[in-house]
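Taking it in order: structure first as structure tokens, then the write-up.
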Amino acid sequence: MNVQECYEAIGGNYQEVLGRLRDDTRILKFLSLFLNDPSYDLLVNSIAKDNAEEAFRAAHTIKGVCLNLSLTRLFRSSNELTEALRGKSEVSGEAKKLVEKVKEDYLVTVDYIRKLKNA
């Protein structure tokens, strides 16, 4: 699998990220850094603790990283979750549903990035 195939599998925009980062080596470097970002674990733990403010920060970070790396599918779901958490003091039922989509998209994304790194 190459970087472009990985992006196609995860619903990302390869041409956009290539325009931003210029080559596959640099893209792979930043995708690898994404794997080590603690924001996803913080998000899941914050939702479990009903800490909407911390969950918002984690979702917002994921959204921003995905925007910069053109991880479109995960960007969309994390953006929806970010907006559902914005300004809230409690995690709503809507946010709890939306976090499930973020989890699904995140797990697919990191699985393919790991496959890419091991290819």
Side-chain angles (χ1 to χ4, degrees):
M1 172 186 325
N2 63 35
V3 175
Q4 184 171 1
E5 291 167 337
C6 178
Y7 265 78
E8 289 169 3
I10 62 177
N13 187 327
Y14 174 73
Q15 292 303 318
E16 186 175 275
V17 75
L18 184 62
R20 185 175 296 116
L21 298 179
R22 301 288 181 209
D23 64 57
D24 285 357
T25 302
R26 192 172 293 143
I27 295 169
L28 184 55
K29 173 187 172 186
F30 283 98
L31 289 175
S32 297
L33 291 171
F34 176 74
L35 293 176
N36 297 318
D37 186 291
S39 298
Y40 175 76
D41 290 333
L42 178 62
L43 173 64
V44 172
N45 293 332
S46 299
I47 294 287
K49 293 186 294 186
D50 198 35
N51 186 334
E53 189 175 307
E54 194 171 79
F56 169 79
R57 282 194 303 272
H60 193 272
T61 299
I62 293 167
K63 176 185 87 161
V65 170
C66 290
L67 182 63
N68 288 328
L69 292 176
S70 301
L71 302 173
T72 310
R73 183 181 301 150
L74 182 53
F75 165 77
R76 287 182 181 145
S77 59
S78 60
N79 183 53
E80 284 185 56
L81 178 59
T82 298
E83 294 311 311
L85 292 166
R86 186 179 300 278
K88 302 292 194 268
S89 58
E90 295 179 355
V91 177
S92 67
E94 177 190 10
K96 288 178 182 177
K97 289 178 185 176
L98 291 170
V99 79
E100 294 305 316
K101 178 62 174 152
V102 171
K103 286 180 182 180
E104 178 185 315
D105 293 345
Y106 179 85
L107 294 175
V108 168
T109 300
V110 297
D111 182 52
Y112 274 95
I113 293 170
R114 287 184 182 119
K115 287 178 184 176
L116 175 63
K117 282 184 62 173
N118 294 326

_Check for me, please, whether Leu42 and Leu81 land in the same ILVMFWY cluster - side-chain distances under 4.5 Å, paths through other members count._
no
*How many angstroms lie between CG in Asn51 and CD in Glu90, if you round to the nearest 0.5 Å?*
11.0 Å
*Is it true that the side chains of Asp105 and Ser77 contain a donor and an acceptor less than 3.5 Å apart?*
yes
*Which distance, rounded to the nearest 0.5 Å, do you find between the CD of Glu80 and the CG of Leu85?*
12.0 Å
Which atom pairs, one a donor and one an acceptor, fall under 3.5 Å between side chains of residues 56-64 and the rest of the protein, sequence neighbours left out?
{"unit_1": "Arg57", "atom_1": "NH1", "unit_2": "Glu53", "atom_2": "OE2", "d": "3.3"}
{"unit_1": "Thr61", "atom_1": "OG1", "unit_2": "Arg57", "atom_2": "O", "d": "2.9"}

*asked:* I'd like to know if the side chain of Asp50 reaches the main chain of Val91, judged simply by a donor and an acceptor atom lying under 3.5 Å from each other, with no hydrogens or angles considered.
replied: yes
_Tell me whether Val65 shares a hydrophobic cluster with Val99, the cluster being built from Ile, Leu, Val, Met, Phe, Trp, Tyr side chains joined at under 4.5 Å._
yes
*When you check the gap from the basic side-chain N to the acidic O, do Arg86 and Glu83 get nearer than 4.0 Å?*
yes
_On a heavy-atom basis, which atom in Ser92 and which in Ala84 lie closest, and how many Å separate them?_
OG-O, 4.5 Å
*Is Val108 reachable from Phe75 through a run of hydrophobic residues whose side-chain heavy atoms are each under 4.5 Å from the next?*
no
*Checking side chain to side chain contact (heavy atoms under 4.5 Å, CB included) for the pair Asn13/Val17: CA distance, chi angles, key distance, verdict?*
CA-CA 6 Å; Asn13 187 327; Val17 75; over 6 Å; no
*Tell me whether Leu67 is reachable from Val102 by hopping between hydrophobic residues (I, L, V, M, F, W, Y) whose side-chain heavy atoms are closer than 4.5 Å.*
no
*Please confirm whether the backbone N or O of Asn2 pairs with a side-chain atom of Glu5, one donor and one acceptor, at under 3.5 Å?*
yes
*asked:* Working note: Leu71 + Tyr7, criterion side chain to side chain contact (heavy atoms under 4.5 Å, CB included); need CA distance, chi angles, decisive distance, verdict.
replied: CA-CA 8 Å; Leu71 302 173; Tyr7 265 78; 3.8 Å; yes
_One pair to check against side chain to side chain contact (heavy atoms under 4.5 Å, CB included): Lys117 and Ser32. What are the steps and the verdict?_
CA-CA 8 Å; Lys117 282 184 62 173; Ser32 297; 3.3 Å; yes
*Between Glu104 and Lys101, does a salt bridge (charged side-chain N to carboxylate O under 4.0 Å, His left out) hold up when you go through it step by step?*
CA-CA 5 Å; Glu104 178 185 315; Lys101 178 62 174 152; 3.6 Å; yes
*Measure the spacing between CD1 of Ile10 and CD1 of Ile113 and express it to the nearest 0.5 Å.*
5.0 Å
*To the nearest 0.5 Å, what is the distance between SG (Cys66) and CG (Asn79)?*
10.5 Å
*Listed by chain and number, what are the ring-ring contact (aromatic ring centres under 6.0 Å, His included) partners of Tyr106, not counting sequence neighbours?*
Phe34, Tyr40
*Rounded distance [0.5 Å steps], CG in Leu28 versus CG in Leu116*: 5.0 Å
*Say whether Arg73 and Thr109, considering side chains only, have a donor N or O and an acceptor N or O under 3.5 Å apart.*
no
*Return yes if some donor-acceptor pair links the side-chain N/O of Asp111 with the main-chain N/O of Leu107 below 3.5 Å, else return no.*
no
_Distance in Å, Asp24 CG paired with Leu18 CG, rounded so as to fall on 0.5 Å steps_ = 6.5 Å
*If every non-hydrogen atom of Ala119 is compared with every non-hydrogen atom of Met1, which pair is closest and at what distance?*
CB-O, 3.7 Å
*asked:* Can you confirm whether Lys115 sits close enough to Cys6 that some side-chain heavy atom of one is under 4.5 Å from a side-chain heavy atom of the other?
replied: no
_4.5 Å side-chain heavy-atom contact, Gln4 and Glu8_ = yes
*Please tell me if the side chains of Lys103 and Glu100 come closer than 4.5 Å, counting only heavy atoms from C-beta onward.*
yes
*Taking side chain as C-beta onward, heavy atoms only, is Leu69 less than 4.5 Å from Leu21?*
yes
